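Read the structure below first, then the notes.
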Amino acid sequence: MTKKLQFETLAIQSTEPKGDETGSVANAIYPSTTFKRESDGSYHSGFIYTRDNNPNRQLLENTLCQLDEGKAAFAFASGMAAISAVLQTLKTGDHVLVPDDAYYSVHAAVQEIFARWDLTHTLVDMTDLDAVKAAIQNNTTLIWLESPSNPLLKVSNIKTIVKLAHQHNALCVVDNTWCTPVLQRPLELGADVVMYSTTKYFGGHSDCLSGALVVGHQTSNDLVLKLKNIQKLSGAVPSPFDCWLITRGIKTLKLRVLKQVENAQKLAAYLHGHEKIKAVHFPDLPHHPQHKLAQIQMPDGCGAMLSIEVGNNQAEAMKLISQLNLFTVATSLGGIESLVEHRKSVEGPTSLTPDNLIRISVGIEHFDDLINDWQLTLSL
Ligand SMILES: *Cc1c(COP(=O)(O)O)cnc(C)c1O
């Protein structure tokens, strides 16, 4: 019997060129939008038109499927396109539970776009199971989870909420962007679909916008077919080059994520002990309200994202981060470079994020340099 490959090995093996006649060790890019048809009407390799499928996308989707051990994967032109595809599988009149603390554009999409198709939603604190139960209605068909959440790093109990969803014949979909399959496996915890903004850690170099969905084995084929149809007919597919970039990123995913986690853990511990920092939100720290759950759900680390509260208002928080040299002030996350941002002003006027909250995406730089940067800035 062949032994199941470890994640690092699988990430290399599954992304190698398949059937390449040149012997190339690196993958080729197939920019062709269309593929030749044979005289009998068939297609040589099954490819017809790139919106439908493309060799680079197929390789990426096969790999994503293997990494999360799902039964089907779909790549999209952005994380939001992947999220929209899930919402488009629902019927008019359906009701969705959305975390009160979630990627801001998810709130915006349900409010500004899907409400026009009579999709209703309730924002819920997903760390409060009684609140989740109370929010479920007869027409609730989806519970959306994001754990740890953005930007407050709240951890929700995926296994328990999946059970609740299934008791009510609702789907549970988990945005696992911040953890990646390196740190958290929602499908193993029973979730129906796992969603990624592959723009972040999968790509890892802040140079490719893309997203993905991976569907679990226990989930209906009906959902798989619906998602495939939406991917093809809505047309928000990634380009072959984008697929190639993400496929390449996957080869070093675990290496990068583990280094980023190590740096984040040390930085969080330092900031937690500093008198100028009013709060550190990071599930790995023992004072975090869901620390125990986090250790069970993410045994190898809770990610490399943290947020802190500093100063009394937006101006003070922004002044502080402008003095950092190695942390670029920019939105987004998950790249090899460290970034900081004032989150509320990026989210928008209805944001519930604290005024003085700074979100930090920790990169792979040497920790001594990163810590020196903060020490210097906080001593000013
Ligand atoms: C960035 C992000 C998204 C959206 O992904 P895009 O690729 O920007 O469309 C969704 N969820 C989380 C947690 C994110 O960080």
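What you are looking at is a predicted structure, and each value in this text was computed from that prediction instead of being measured. Whatever order the structure lists them in is the order used to number ligands and atoms, beginning at 1.
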Worksheet item: Taking the minimum heavy-atom distance to atom 11 (N) of ligand 1, which of Ile83, Leu333, Asp175, Thr177 ranks first?
Response: Asp175
Any heavy-atom pair between the side chains of [Y] and [X] that's under 4.5 Å?
| X | Y | result |
| --- | --- | --- |
| Phe202 | Leu64 | yes |
| Phe76 | Leu213 | yes |
| Thr219 | Val224 | no |
| Lys200 | Ser332 | yes |

Practice prompt. Could you tell me which non-hydrogen atom of Leu183 sits nearest to which non-hydrogen atom of Cys302, and how far apart they are?
Written response: CD1-C, 4.4 Å
Worksheet entry | Polar atom proximity, Ser197 to ligand 1 (N or O, under 3.5 Å) | yes
Fill in: Non-hydrogen atom of Ser332 closer than 4.0 Å to ligand 1
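So Ser332 does not count as touching ligand 1.
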Which of the atoms in ligand 1, numbered in the order shown and given with their element, are less than 4.0 Å from a heavy-atom of [X]?
| X | value |
| --- | --- |
| Trp178 | 13 (C), 15 (O) |
| Thr199 | 7 (O) |
| Met80 | 5 (O), 6 (P), 9 (O) |

Students should be able to answer this: which protein heavy-atom is nearest to [atom], and at what distance?
| atom | value |
| --- | --- |
| atom 1 (C) of ligand 1 | Lys200 NZ, 1.3 Å |
| atom 6 (P) of ligand 1 | Gly79 N, 3.3 Å |
| atom 4 (C) of ligand 1 | Tyr103 CE2, 3.3 Å |

Fill in: Identified side chain to side chain contact (heavy atoms under 4.5 Å, CB included) partner of Leu267 from the options Leu370, Ile360, Val280
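That would be Ile360.
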Worksheet item: So among Leu142, Leu171, Val162, which one has a side chain to side chain contact (heavy atoms under 4.5 Å, CB included) with Asp192?
Response: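 When side chain to side chain contact (heavy atoms under 4.5 Å, CB included) is applied between Asp192 and each of Leu142, Leu171, Val162, only Leu171 qualifies.
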Worksheet item: Which one holds for Ser210 and ligand 1: side chain close, backbone close, both close, or neither close, with close meaning a heavy atom under 4.0 Å?
Response: backbone
